[in-house]
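Note that the structure is predicted; figures quoted are calculated from it, not measured.
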Amino acid sequence: MAPSSLLAALVGVLLFSYAAAIHLPRAGLTAAAASNGGDTKVYVVFTERQPATAELAEEEAGAAIAALHHDMIGSVLLDDSSNAADRVVYHYSRSLHGFAARLTEDEKNRLAGMDGVLSIHEKVVYRPQTTRSWDFLGLPQHNDPVRLPFENDVIIGMLDTGISPDSESFSDDGLPPPPAKWKGVCSKNFTSCNNKIIGARAYYNGDRTVSVLDDEGHGTHTSSTAAGRAVAGASLGGLAGGIARGAVPGARLAVYKVCFGEEGCSSEDILAAFDDAIADGVDVISASIGMVMPLDYPEDPLSVGAFHAMKRGVVTSVSAGNSGPILGTVSNVSPWTVSVAATATDRLIISELVLGDGKRIQGNGITVFANLGKPSLLLDPGSCEEEHLQGKKYKGAVLLCGSGVLTSSSAMYSTGAEGAVMYSTQYDDNTTAFSYALPTVIIPKDDYDHMMDYYNKSRHPMAIVKKSVTVKNTAAPTVAKFSSRGPNQVTYGVLKPDISAPGVDILAAWSPMASLSGDDVDERRVKYNIISGTSMSCPHVTGAAAYVKSVHPSWSHAAVLSALVTTATPMSSGDPEAELAYGAGQVNPMGARYPGLVYDASVEDYVDFLCAQGYNSTQLAAMTGSSSTACSDEARSGNVGDLNYPSISVPVINHGVSFAAEFPRTVTNVGPDDSVYRATVTTVPGVDVDVTPDELAFSAGTKKLSFKVTVSGKLLPSNTTMGASASVVWSDGRHSVRSPIYVFPHKHVM
Ligand SMILES: *[C@@H]1O[C@H](CO)[C@@H](O)[C@H](O)[C@H]1NC(C)=O
Ligand SMILES: *[C@@H]1O[C@H](CO)[C@@H](O)[C@H](O)[C@H]1NC(C)=O
Ligand SMILES: *[C@@H]1O[C@H](CO)[C@@H](O)[C@H](O)[C@H]1NC(C)=O
Ligand SMILES: *[C@@H]1O[C@H](CO)[C@@H](O)[C@H](O)[C@H]1NC(C)=O
Ligand SMILES: *[C@@H]1O[C@H](CO)[C@@H](O)[C@H](O)[C@H]1NC(C)=O
């Protein structure tokens, strides 16, 4: 399929199946070119680093670099070069090198040829993707005085919609002042910084003075999931009650607001946030934002920002995307990030519809309204679509809406209706309930047909949408249908998503500036809200990464990723996409602290990976920020699968076609010195996995040992799975270091 038609297909499906999900990203990939006067667009320009400024204090260096950028821009302006400063949106000078500026096409082209310019990128726009979850993951509850001090040194940078600081979840009770490494600031008109929220900045089209306050709820929710204090008695209208808490209640939050409602999250703002966050001294960056489809790494600002973070040992955790279950939709795919899929926990939220004849129908929807009386059931001939509802009055009725495409419930609300019933042909009883401005339930098509039958036969049809209840999901963890699936379309040979975490019906702090349902007509305000998405699973892994960093502050991105991946709890929920749905499995924060062995990787290893990926000098420079990065012949002829990644992805031509692939790997012993590890392979018929050597003996002097994994055979056709799942587990009797291996045929992908 051609990329454009694939994209069209994806956008179509998204609108169909998730238009109701107003907390999910609205179909993205709008390479929106904001033109601010004339025919200029915002471009991000990466430049060579200026070594001359290395000696200067940060402020002076900043001024020197700004002057240099003005010179560069001035020299391509034909009208009046004194305007250069007005064209600048951002100077990147703390961690990245370059600037964002408004330029015409001609100006951009002239700049492209200039000395010191590495690459130029058009604006791209991302979208935000929504108490029990930590208990479910086995992370013990604590505001534990013994553990808190370790966590106190960990700083989490949240790239999101800002924060609502007044939530109890962000109390700094008992927390000491920020650690000495912290170099960040709080925006002048954000007066709520404390020892919990230690940084707060906003980036809006070059304007750093806009409010950091969260008027959408999303950033408040993700921040409290990662690092909220334990708050007892949290619930949404009595629903899902319990203790709301983040993974690392003692960790600090540094807020970088880069997402602004319908305008989304723009590349130049995101890069400015990375530029600051890395220099400010954060340990982990959490970005619950994404697109419908992945971009090539050098064209993906989130990927470029995360590359610079990785260089400084900062872990970046990202959401896999909400475009599942279609294959190849995972949108944040670079190997120097942790890409997180969403699962349902053992607690599901259901709504119930009770008909006048006593029949009860279970459905989807978060309803925390008081139970209604006995409203009559009415059929809206226009399927409750906005244009059909204009001017209609359905006061007191529960509307039968057919297969409604519900982007906003405001039109239905305005009719005075007391509730609405819709069906979905993609109904999945184990996934994702949403809130609406009025009691709304989504039911399976079969049940809807039964209801229509009742409606047609009954003289006074009646129905009640009951208040939601929670039920036990015995099949948990299962991957949410909406969670984007692999394979990684930029590099088939790197498994994405990496890992799974709870992302369905998650209770966390909410902003009083946003309504419960996110709908403008909804006047309900809540302290805690329940939303779903890979946006919600991402901060769980952010928190787990921070938990690992609290014990091992000096670990690299790769070491933390490895610890998370190799200790994940394997899943096998019968998904035909298997590892392409859940990665290594469900995150296990406790296990990740002491993984035994880690698959580490250096900046050079990632550069070799980029060389194996076949990038030319421009693309390489855009990624690394330097034109002096070159590929050795050896790296050029290497394989992407040579990267010392903790999982193994084996793309093969097709079922029945012989294949053989080798994966060199090196593990670093991070456990007791004299440990001896043995490899155990699990595989399926048709796929042979060999590990040589299969025993590794470490000592005080030998911390790193290498081995080779050979995967070969012929993939057998199967009616239930697309590929084949295998694994290698290294064990010393105490630690179990598991690498998933997934073999899949190309033909199913494009
Ligand atoms: C913050 O302060 C700046 C100037 O000091 C002002 O222009 C801006 O409107 C303020 N923003 C908010 C949200 O108060
Ligand atoms: C109910 O009646 C409507 C039209 O009045 C019709 O389209 C529909 O098929 C009927 N459904 C059932 C289940 O009888
Ligand atoms: C939902 O979960 C139940 C067990 O709770 C399981 O039997 C069923 O197959 C699941 N359905 C889907 C669509 O995953
Ligand atoms: C490198 O590849 C990119 C994308 O294909 C292309 O736009 C660029 O011109 C290439 N640069 C060089 C130096 O070949
Ligand atoms: C797949 O299903 C078909 C028809 O149901 C059956 O004949 C065939 O044996 C199955 N193949 C495998 C590999 O299970």
Side-chain angles (χ1 to χ4, degrees), residues 23 25 28 34 42 89-90 92 94-96 100 123-130 155-167 169-170 182 184-194 196-228 252-280 282 284-290 301-302 305-306 309 316-319 508-514 518 531 535-536 538-539 542:
H23 297 298
V42 173
V89 180
Y90 290 106
Y92 307 125
R94 300 182 71 201
S95 315
L96 282 63
K123 180 192 191 85
V124 290
V125 178
Y126 299 77
R127 301 282 165 190
Q129 309 247 300
T130 305
I155 304 168
I156 299 176
M158 302 294 305
L159 270 58
D160 213 301
T161 63
I163 197 162
S164 172
D166 299 329
S167 171
S169 294
F170 307 126
W182 174 243
V185 296
C186 291
S187 167
K188 282 203 181 64
N189 38 22
F190 184 88
T191 52
S192 307
C193 274
N194 57 15
K196 181 67 183 179
I197 303 172
I198 61 171
R201 304 175 188 244
Y203 307 83
Y204 178 65
N205 213 1
D207 184 352
R208 294 168 186 262
T209 67
V210 297
S211 172
V212 184
L213 293 177
D214 177 16
D215 52 5
E216 298 174 55
H218 188 272
T220 302
H221 200 278
T222 54
S223 298
S224 66
T225 300
R252 318 307 181 105
L253 286 166
V255 175
Y256 301 88
K257 179 171 179 167
V258 295
C259 300
F260 296 86
E262 289 298 319
E263 291 172 67
C265 334
S266 296
S267 47
E268 67 277 15
D269 298 326
I270 291 170
L271 287 166
F274 269 102
D275 191 32
D276 279 339
I278 299 164
D280 287 351
V282 305
V284 184
I285 289 174
S286 192
S288 284
I289 57 180
L302 194 46
T316 303
S317 162
V318 290
S319 49
W510 199 243
S511 170
M513 295 169 75
I531 54 175
S535 273
M536 281 62 248
C538 167
T542 304

* Asked: So do the side chains of I289 and C259 get within less than 4.5 Å of each other, counting heavy atoms only?
  -> yes
* Measure the spacing between CE of M158 and OG1 of T222 and express it to the nearest 0.5 Å. => 3.5 Å
* Distance in Å, R127 CZ paired with E262 CD, rounded so as to fall on 0.5 Å steps -> 6.5 Å
* **Working for side chain to side chain contact (heavy atoms under 4.5 Å, CB included), residues D160 and S223** => CA-CA 9 Å; D160 213 301; S223 298; 5.8 Å; no
* From CA spacing to verdict: side chain to side chain contact (heavy atoms under 4.5 Å, CB included), S224, F170 -> CA-CA 7 Å; S224 66; F170 307 126; 3.8 Å; yes
* To do: State, with a plain yes or no, whether a side-chain heavy atom of S288 is found less than 4.5 Å away from one of H218.
  => yes
* Asked: Which pair of heavy atoms, one from P165 and one from I163, lies closest together, and at what distance?
  -> CD-O, 3.5 Å
* Asked: With sequence neighbours excluded, what pairs up with R201 under the salt bridge (Lys or Arg N to Asp or Glu O under 4.0 Å) test?
  -> D276, D280
* Structure fact -> Rounding to 0.5 Å, atoms CZ (R252) and SG (C193) come to a distance of 12.0 Å
* To do: Locate the shortest heavy-atom distance separating G217 from A514; write the atom from each residue and the value.
  => N-CB, 4.0 Å
* When you measure from the side chain of S266 to the backbone N and O of E268, does any donor-acceptor pair fall under 3.5 Å? -> no
* To do: Go through the steps for Y256 and V212 under the test side chain to side chain contact (heavy atoms under 4.5 Å, CB included), then give the verdict.
  => CA-CA 8 Å; Y256 301 88; V212 184; over 6 Å; no
* Which atom of W510 lies closest to which atom of I531, heavy atoms considered -> CZ3-CD1, 3.6 Å
* To do: Kindly compute the distance separating CD1 (I285) from CD1 (I156), expressed to the nearest 0.5 Å.
  => 11.5 Å
* To do: Calculate, to the nearest 0.5 Å, the distance between atoms OG1 and CG belonging to T316 and L159 respectively.
  => 8.5 Å
* Asked: Any donor-acceptor pair under 3.5 Å linking the side chain of K257 with the backbone of L213?
  -> yes
* To do: Check ring pair (Phe, Tyr, Trp, His ring centres under 6.0 Å) between F260 and all other residues, then give those that pass, not counting sequence neighbours.
  => Y204
* Asked: Of all heavy-atom pairs between I155 and A254, which one has the smallest distance, and what is that distance?
  -> CG2-CB, 4.1 Å
* Asked: So, for P301 and Y126, which heavy atoms are closest and what is the spacing to 0.1 Å?
  -> CD-OH, 3.0 Å
* Asked: If you look at every heavy atom in V125 and G264, which pair is closest and at what distance?
  -> CG1-CA, 4.0 Å
* Would you say the side-chain atoms of T161 and D214 include a donor-acceptor pair closer than 3.5 Å? -> yes
* How about S317 and T542: does a side-chain donor come under 3.5 Å of a side-chain acceptor? -> yes
* With sequence neighbours excluded, tell me which residues meet side chain to side chain donor-acceptor pair (under 3.5 Å) with D269. => Y90
* T220 side chain vs S164 backbone, donor-acceptor pair below 3.5 Å -> yes
* To do: Answer yes or no: is there a donor N or O on one side and an acceptor on the other, between the side chain of S267 and the main chain of V124, under 3.5 Å?
  => yes
